[in-house]
Amino acid sequence: MTQIGAFDPALLTGPHMRAEGVVTLARDLQCAGLFFWLSPRRRVRLGTASEVEVGGTRLPVPDLSATRVTVDGGQREYVAFDSADYLGASVSPRLVEAAMNALLDAGAGTGGSRLVCGTTASHEQLEVAIAEYEHADASLFFGAGYDANVAVGMMHGGAPVLADELLHASAIDGCRAGRAAVEVFRHNDAEDLEERLHEAERCGRPSVWVESVYSMSGDEVAPRVLRVAQRHGASIIVDAAHSTLAGEGPGGWQVDGVDRTGITVVGTTSKAAGAAGGYVAGSRGCVAAYMLAARPFWFSTSPPASTCAAAHAALRLMSGPDGDVRRRRLRTNAARVRDELREMGYDIGSSTTYIIPVILGDTATTLRATALLRARGILAGGVLAPAVPRGQERIRLCVSSEHTAGEIDQLLDAFRDSRDALLGPHCADRRES
Ligand SMILES: Cc1ncc(COP(=O)(O)O)c(C=O)c1O
């Protein structure tokens with residue numbers, strides 16, 4: 001079998017995970033003071049307050065900033081460019097209100113799995129709303145997008161699964177747990193996929209698993225990949241974790257010439273929806289099968305009703321005109337960051353979205369970049385091997401519709417002033433080419 005991703009999968013699953021790989025990574029991060037990432041954050045309270053209605057009473061709730069935080073109880077404010085809350089939904093008073101009312105109605109926890117005692121009206125209403133948003137027959141909600149992917153992967157026991165090499169770890173974990181015969185094809189490479197489909201078809205009907213927006217590279221699934229999969233009659237799974245509500249169309253993704261019928265979509269309510277959780281949406285038969293067989297659904301306490309209510313409020317809010325305005329602003333903000341970073345000579349790979357990698361190519365430079373940015377009041381995640389292939393170490397920027405022009409100036413000025421430190425002597429060449 002081809003290796004999973006462009007890096008050694010043993011690093012993620014073998015004894016190395018507990019031994020050299022993780023210990024080395026931990027040492028690097030500690031040396032660079034990067035356990036700062038684990039320090040508790042607090043959202044900055046804005047001067048205004050909103051009124052919400054909780055249990056029939058109007059209550060003031062503080063307005064929280066979608067983009068500015070303090071860390072570890074300190075006074076200094078940072079602008080966060082590392083959150084997948086792409087539309088700033090997590091601080092919306094509408095989500096807070098929905099969650100508070102559900103807490104009053106259903107309590108803080110459910111006390112069991114969905115099949116025991118953990119289904120409330122909020123769970124059922126959310127699943128209906130998700131199916132509507134996805135233009136699907138039905139949906140099934142899980143406590144995390146991770147669980148939803150694991151459930152889908154585990155359903156492929158023994159069957160051939162062709163996964164894009166950048167597919168998320170949770171999908172691969174699910175396939176492994178289900179003993180699916182996973183093979184990876186080169187990222188967004190329809191020719192490579194087609195060759196592998198010919199081979200895989202000898203062992204049964206293959207599934208092709210892709211992401212609508214890739215989480216580490218910020219590019220979108222190539223339409224040709226989906227068309228090839230459909231031409232071969234493969235079953236298609238789209239992990240739409242990073243496009244749910246952030247992108248256009250049902251499920252936040254649309255591909256010309258691709259019929260969505262029969263495609264299984266995994267989405268999240270943990271990113272642009274600003275809450276937590278994940279789901280599978282598809283045909284009634286497919287969703288019924290997951291309900292009967294998905295182990296993360298059976299063997300885990302269901303998410304609280306307050307989470308479901310918040311996710312449902314996000315679907316309502318972001319499917320309407322407010323969501324349209326925020327999506328337009330998200331696209332404008334992201335295009336500005338991509339264009340200006342490229343002009344400065346930074347390598348942002350093939351990003352076309354609000355996830356923008358700044359590929360720096362080694363651990364030391366990436367760690368230096370996170371420190372330089374932090375000194376300028378910017379929080380941005382460094383992604384190191386083995387999470388990305390060695391030589392592809394990067395800063396991963398997540399742009400939000402709620403970043404102000406001034407906050408984006410602050411980010412871009414920090415990158416501009418750090419060019420020599422981060423790009424070194426190649427800087428001038430890159431800008432010219
Ligand atoms: C592509 C992709 N799929 C699934 C997940 C899992 O979603 P969640 O964070 O809700 O568990 C993630 C999370 O980072 C992701 O990036």
Side-chain angles (χ1 to χ4, degrees), residues 4-5 12 37 80-87 89-90 95 126 130 134 139-155 161 163-177 182 184 187-188 208-221 225 236-247 251-253 263-281 290 294-297 300-304 307-308 310-312 314-315 351-357 381-383 386-388 394 396-400:
I4 306 276
L12 287 180
W37 282 338
F81 277 92
D82 54 2
S83 162
D85 182 13
Y86 303 116
L87 302 177
S90 68
L95 270 71
L126 174 61
I130 290 170
E134 289 285 348
S139 83
L140 196 65
F141 187 64
F142 294 79
Y146 185 95
D147 290 352
N149 265 343
V150 167
V152 173
M154 287 184 83
M155 290 286 278
V161 176
D164 186 287
E165 69 178 320
L166 297 189
L167 188 66
H168 194 257
S170 52
I172 301 298
D173 288 356
C175 288
R176 285 193 174 149
V182 188
V184 298
H187 176 52
N188 263 342
V208 173
W209 201 334
V210 297
E211 288 179 29
S212 53
V213 171
Y214 283 90
S215 63
M216 287 294 155
S217 50
D219 54 349
E220 295 151 280
V221 59
V225 162
I236 298 175
I237 306 152
V238 176
D239 176 348
H242 289 275
S243 65
T244 309
L245 291 180
W253 62 278
I263 294 184
T264 301
V265 177
V266 182
T268 59
T269 47
S270 53
K271 303 187 192 301
Y279 60 84
V280 180
Y290 283 113
R295 293 172 73 84
F297 187 77
S300 182
T301 297
S302 65
T307 300
C308 300
H312 192 171
L315 281 172
S351 169
T352 51
T353 66
Y354 30 84
I355 298 175
I356 306 171
V383 188
V388 289
R394 64 194 61 188
R396 186 178 72 144
L397 299 173
C398 294
V399 176
S400 160

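Throughout, residue positions are numbered sequentially from 1 according to the sequence presented. Since the structure is predicted, the reported quantities are computational estimates derived from the model, not experimental observations. Just so you know, ligand 1 is whichever comes first in the structure, and atom 1 is the first atom listed for that ligand. The figures here come from the full heavy-atom set of this structure, side chains too, leaving out hydrogens, waters and symmetry mates.
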- [ ] Report the residue from V208, T264, V210 that forms a side chain to side chain contact (heavy atoms under 4.5 Å, CB included) with V238.
- [x] V210
Task: side chain to side chain contact (heavy atoms under 4.5 Å, CB included) partner of F142, the single match among V266, T268, V280, N149 - done: V280
So, using side-chain hydrogen bond (donor to acceptor under 3.5 Å, both in side chains) as the criterion, who are the partners of [X] when residues are at least two apart?
{"X": "Y354", "answer": "none"}
{"X": "S243", "answer": "S212"}
{"X": "E134", "answer": "Y279"}

Open item on the list: So Y146 and D173, do their side chains get closer than 4.5 Å, heavy atoms only?
Closed with: yes
Task: Amino acids in close contact with ligand 1, where any non-hydrogen atom sits under 4.0 angstrom away - done: A144, G145, Y146, N149, H168, S170, E211, S215, D239, A241, H242, T268, S270, K271, G277
